[in-house]
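Encoded as structure tokens, the structure appears first; notes follow it.
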There are 2 protein chains.
Amino acid sequence: MHADAPQGSGEGRSFKPVPLNGICALLSDKWTVPVLWRLSLAADHRLRFSTLKKEVEGITQRMLTLTLRNLERDGLVARHYFPEVPPRVEYELTDMGIGALHALEVFNFWVHDNLHTIREHRRAYDDGRL
Amino acid sequence: MHADAPQGSGEGRSFKPVPLNGICALLSDKWTVPVLWRLSLAADHRLRFSTLKKEVEGITQRMLTLTLRNLERDGLVARHYFPEVPPRVEYELTDMGIGALHALEVFNFWVHDNLHTIREHRRAYDDGRL
DNA sequence: CTGCATCCGATCAGATACTG
DNA sequence: CAGTATCTGATCGGATGCAG
């Protein structure tokens with residue numbers, strides 16, 4: 001556990017000052033997390049393009065293609081092409097992709113726990129602004 | 001520990017399907033994490049506007065203002081105004097702000113551990129594309 | 001089925017100038 | 001010092017049409 005890391009005191013692991021920028025951009029891409037998430041729910045972490053398009057709420061074909069390209073480029077997703085007719089393509093979550101999702105779990109829980117409070121803050125703030 | 005959460009099996013905590021969207025947007029705002037981070041490094045989690053502007057690498061006045069407004073609105077940062085001449089304003093990380101940063105630690109470590117691998121994947125992918 | 005190309009409106013973010 | 005206002009180029013993302 002590294003519950004106190006921000007202070008940078010000796011915790012066995014030297015704490016690098018926000019390397020988040022750059023790679024973090026990947027996960028702020030609006031569709032990357034939903035896509036990774038949907039893949040993680042599949043039995044073998046594999047889904048076809050068309051399935052993803054259907055089941056990732058609201059994504060367009062263009063955005064799904066771009067998102068998958070970036071994820072493939074970064075090694076979070078593997079692309080499997082089957083030259084049949086009609087063609088079939090499956091996308092598979094790699095081990096690193098699974099790791100990324102796991103690394104976001106704690107944050108996910110935090111959001112879940114604090115969503116209500118944040119919403120209230122927003123309402124209070126907006127009320128004072130009218 | 002909830003190392004297996006994505007499958008949604010009973011782990012004591014019901015796993016909500018990606019509530020990340022919406023609030024997650026906050027933290028994908030490019031400047032929010034750097035600003036929160038810089039505040040967390042201050043002795044009492046407080047810094048003046050001008051200090052932040054100087055020490056958050058590359059941020060413009062406009063973006064700093066907007067970022068701080070959003071963080072204040074969400075309750076992650078508190079604004080303290082001192083009506084002196086010249087005016088002074090301090091921004092303080094709230095407990096919730098500290099919590100948000102902690103919730104991102106695991107991801108931060110993941111990025112640190114995988115940055116090199118991701119870069120290599122990118123290079124390999126880009127080479128194949130020329 | 002999968003995916004690329006194009007057009008186009010909406011939003012983002014930098015630079016600059018001005019105020020209490 | 002700590003903002004606000006405006007202008008503007010860049011990027012994002014949706015819609016549509018076409019191709020292997």
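Throughout, protein chains are lettered first and strands after them, A, B, ... in sequence-line order, and every chain is numbered starting at 1. Reckoned from all heavy atoms, side chains included, excluding hydrogens, waters and symmetry mates.
- The separation between B:Lys53 atom NZ and C:dA15 atom C1' is 12 Å, rounded to whole Å.
- Ion pairing between A:Glu90 and A:Arg88 holds under the 4.0 Å rule for side-chain N and carboxylate O.
- For the pair B:Ile59 and B:Lys53, the tightest heavy-atom approach, listed with the atom from each and the gap, is CG2-O, 4.1 Å.
- For the salt bridge (Lys or Arg N to Asp or Glu O under 4.0 Å) with B:Asp74, the qualifying choice from A:Arg122, A:Arg119, A:Arg123 is A:Arg122, the only one to do so.
- Of the residues in residues 73-89 of chain B, those placing a heavy atom less than 4.0 Å from an atom of DNA chain C are B:Pro87, in numerical order.
- Atom CG in A:Leu66 sits about 16 Å away from atom P in C:dT2, given to the nearest Å.
- Residues B:Trp31 and B:Glu57 come closest through the heavy atom pair CZ3-O, 3.4 Å.
- Using the six-membered ring where Trp is involved, A:Trp110 and A:Phe107 have ring planes that are parallel, under 30° apart on the 30 and 60° scheme.
- Put simply, the side chain of A:Thr94 gets close to the backbone of A:Gly75: a donor and an acceptor are under 3.5 Å apart.
- Atom CG of B:Asp29 and atom P of C:dT11 are 15 Å apart (whole Å).
- Rounded to an integer number of Å, the gap from CG of B:Leu68 to P of D:dG3 is 8 Å.
- The side-chain heavy atoms of A:Leu36 and A:Leu93, taken from C-beta on, include a pair separated by under 4.5 Å.
- Between C:dT11 and B:Lys30, no contact under 4.0 Å exists linking OP1 or OP2 to a side-chain N or O.
- For A:Thr65, the listed nucleotide lying nearest its side chain is C:dC4; candidates were D:dC1, C:dT2, C:dC4.
- Summarising the geometry, the separation between CG on B:Asn70 and C1' on C:dC12 is reported as 13 Å, rounded to the nearest angstrom.
- The separation between A:Leu71 atom CG and C:dG3 atom C1' is 16 Å, rounded to whole Å.
- Remark: B:Tyr91 is not in phosphate contact with D:dC1, judged by side-chain N or O atoms under 4.0 Å from OP1 or OP2.
- Residue A:Arg46 comes nearest to A:Ala42 through the heavy atom pair O-CB, 3.5 Å, listed as atom of the first residue, atom of the second, then distance.
- Remark: the backbone N or O of B:Met63 is paired with a side-chain donor or acceptor of B:Thr67 at under 3.5 angstrom.
- Of the residues in residues 54-64 of chain B, those lying under 4.0 Å from DNA chain D by heavy-atom distance are B:Gln61, B:Arg62.
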